[in-house]
Amino acid sequence: MCGFANAQGGKIYVGTNDDGTVIGIQDSKKLMEDIPNKVRDILGIIVDVNLLSEDGKEYIEICVSLNTYPVNYRGEYHYRSGSTKQLLKGQALNQFLLKKTGITWDSVPIQDVAVRDLRNDSFDIFREQAVLSKRMDKKDVDFSNEQLLDSLNLLDHGMLKRAAILLFHHNPEKWIPGSYVKIGYFETDSELRYQDEIHGSLISQADRIVDLIFTKYLKAEISYKGVTRVETYPFPKEAIREAVFNAIAHKFYGTLIPIQIRVYADKIMIANDCVFPDDWTVDDLMGSHRSRPYNPLIANTFFRAGFIEAWGRGIEKIKDSCAQAGNPMPEYAVKKEDIMVTFKSLVTDTTQNTTQAVTQGTTQVGFQYIENSIPMRIIKVIKDNPTLSQSQIAEMLGEKHDTIKYHMRKMRLSGVIEREGSSQKGKWIIK
């Protein structure tokens, strides 16, 4: 009964077999008095007890309602999940108690730390970003740090909440170990070349991580439009930025495990621990959904700073960014308490293990074909008509000329195609 009360409620039948066959009970009148009294005395809840009969045999139905407060049986908290009863312990018990009491993990107040212990530079970053994103007016951020924290609901009777320490303290790991980010560059899954750890407040981490990935861990192709230098990266920066900020805002910091970002020549993998709503499935996460953050205070502050959205559109924005850049759709590996997103580049480094693909009799090495991607569509078009210009190819595919020019430049650098003759009278050759 304790398990049912802590879960979704349920019914228990006394006097039946497991298959539901009524076998009857004795002393039904006494049980009708004893059961509700004992449940009230031991569990502190009221249950409905009904006397039923079938074929002259009496049996009892006990109806247990969902209880809005945690119910314990002699100090133990039980939970009914499906056909099993679980004894809650550790993090599972902490999450259960927080949920039942209406307190979120990031709203728990922390003693012995004051507003003056927080970093002014983190507040400066927040104020600047909040005004730039136009989600707060300048007059809304021109308060003292304490007033700003109070307006963001990060104080509890003058005490800092967990979210405030994570967001603005220069060393939140003193209270929440694992609240940092690890980045590593891998030649293979087992061969790590170099790595970094990004510590500090979540606000400062968000400000540094994406820049570090794109300046140290990724190589850009350099081209020129007139005298303007253009850097083109193998991954869309907006998509990586959104994934990193979502990982920081929605991570379950109670596991004490840092966010991990693995960078390869042809892919980036971002993994973090998280807690999904009980009634969510993978399809709910991947499709359109309303925002239900596990860390609402952290998520709200990140929203005010313009780092994330507040409408559950993060994954949709990531997909859109990848589509616009011509990259494959990101792949999500979702488990009960962690999630990993993998971004893939269209062009692989030919010094790595090469990927071979055969399309209509043509074999290529060092270039990864993705079905229905822009490079694949270009191949099909020039295979039928190799004399087309880039602008004509763009028109046929319904893409921007700059987009086609970008992908065909990559394909030429990778040795997939080459141009023979002039731009006016030449033709494309599939290598």
Side-chain angles (χ1 to χ4, degrees), residues 88-99 101 103-123 125-126 145 149 152-156 159-186 192 194-210 212-213 243-263 269-276 293-302 305 307-308 335-341:
L88 299 177
K89 296 180 179 179
Q91 287 293 348
L93 177 58
N94 289 337
Q95 292 182 50
F96 167 76
L97 293 175
L98 287 174
K99 179 180 177 181
T101 53
I103 301 173
T104 62
W105 184 91
D106 63 346
S107 67
V108 175
I110 303 295
Q111 295 180 340
D112 301 325
V113 57
V115 176
R116 63 177 177 273
D117 298 323
L118 305 182
R119 286 288 288 265
N120 284 326
D121 56 352
S122 296
F123 284 104
I125 294 171
F126 173 80
N145 291 347
L149 290 172
L152 294 170
N153 195 26
L154 297 177
L155 295 178
D156 184 358
M159 289 193 297
L160 294 171
K161 297 180 181 180
R162 277 176 176 159
I165 294 173
L166 281 165
L167 287 162
F168 295 105
H169 198 280
H170 70 284
N171 184 26
E173 295 167 61
K174 180 177 179 181
W175 293 271
I176 304 109
S179 53
Y180 64 97
V181 178
K182 291 175 64 175
I183 307 177
Y185 186 88
F186 290 79
L192 173 66
Y194 51 89
Q195 64 179 338
D196 288 283
E197 291 183 358
I198 295 86
H199 299 267
S201 70
L202 299 190
I203 292 291
S204 66
Q205 288 182 31
D207 195 49
R208 292 152 49 201
I209 292 171
V210 177
L212 180 63
I213 292 174
V244 169
F245 286 4
N246 279 337
I248 296 174
H250 302 309
K251 177 183 181 293
F252 176 38
Y253 289 89
T255 61
L256 314 183
I257 300 173
I259 295 170
Q260 299 178 27
I261 303 175
R262 301 168 69 100
V263 181
M269 306 170 73
I270 303 173
N272 66 282
D273 294 276
C274 57
V275 178
F276 296 111
Y294 183 75
N295 303 311
L297 297 178
I298 295 175
N300 177 63
T301 304
F302 265 48
F307 291 161
I308 64 172
K335 298 181 180 178
K336 186 176 181 180
E337 291 188 351
D338 64 79
I339 183 172
M340 176 182 289
V341 56

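In what follows, every heavy atom counts, from backbone to side chain, and hydrogens, waters and symmetry copies are set aside. Since the structure is predicted, the reported quantities are computational estimates derived from the model, not experimental observations.
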Considering all heavy atoms, the nearest [X]-[Y] contact:
X: Ala271; Y: Met340; result: CB-CE, 3.7 Å
X: His250; Y: Ala299; result: CE1-CB, 4.2 Å
X: Ile103; Y: Ser107; result: CG2-OG, 3.2 Å
X: Val181; Y: Gln205; result: CG2-OE1, 3.4 Å
X: Ala163; Y: Leu154; result: CB-CD2, 3.7 Å
X: Ser201; Y: Ser122; result: OG-OG, 2.7 Å

pair [X]-[Y]: side-chain heavy atoms closer than 4.5 Å:
X: Ile259; Y: Val244; answer: no
X: Leu149; Y: Phe168; answer: yes
X: Ile261; Y: Ile183; answer: yes
X: Phe302; Y: Ile203; answer: yes
X: Leu160; Y: Leu155; answer: yes
X: Ile209; Y: Ile213; answer: yes
X: Arg162; Y: Ile165; answer: no
X: Ile339; Y: Asn272; answer: yes

Just how far is it from atom [atom1] of [X] to atom [atom2] of [Y], taken to the nearest 0.5 Å?
X: Asn120; Y: His170; atom1: CG; atom2: NE2; answer: 12.0 Å
X: Arg119; Y: Leu167; atom1: CZ; atom2: CG; answer: 14.5 Å
X: Ile308; Y: Asn300; atom1: CD1; atom2: CG; answer: 8.5 Å
X: Thr104; Y: Lys161; atom1: OG1; atom2: NZ; answer: 7.0 Å
X: Lys251; Y: Asp338; atom1: NZ; atom2: CG; answer: 11.5 Å
X: Ile176; Y: Asn171; atom1: CD1; atom2: CG; answer: 10.0 Å

Task: Main-chain N/O of Ala249 paired to Asn295 side chain as donor or acceptor, under 3.5 Å - done: yes
Give me the ring orientation class for [X] and [Y]: parallel if the planes are under 30° apart, tilted from 30 to 60°, perpendicular past 60°.
X: His199; Y: Tyr180; answer: parallel
X: Tyr294; Y: Phe252; answer: perpendicular
X: Trp175; Y: His169; answer: perpendicular
X: Tyr253; Y: Trp105; answer: parallel

Task: Partners meeting salt bridge (Lys or Arg N to Asp or Glu O under 4.0 Å) with Asp156 (sequence neighbours left out) - done: none
Open item on the list: Could you work out, with salt bridge (Lys or Arg N to Asp or Glu O under 4.0 Å) as the rule, every residue matching Asp117, not counting sequence neighbours?
Closed with: none
Open item on the list: Exactly one of Thr301, Leu297, Ile298, Asp106 should register a side chain to side chain contact (heavy atoms under 4.5 Å, CB included) with Leu166. Which one does?
Closed with: Ile298
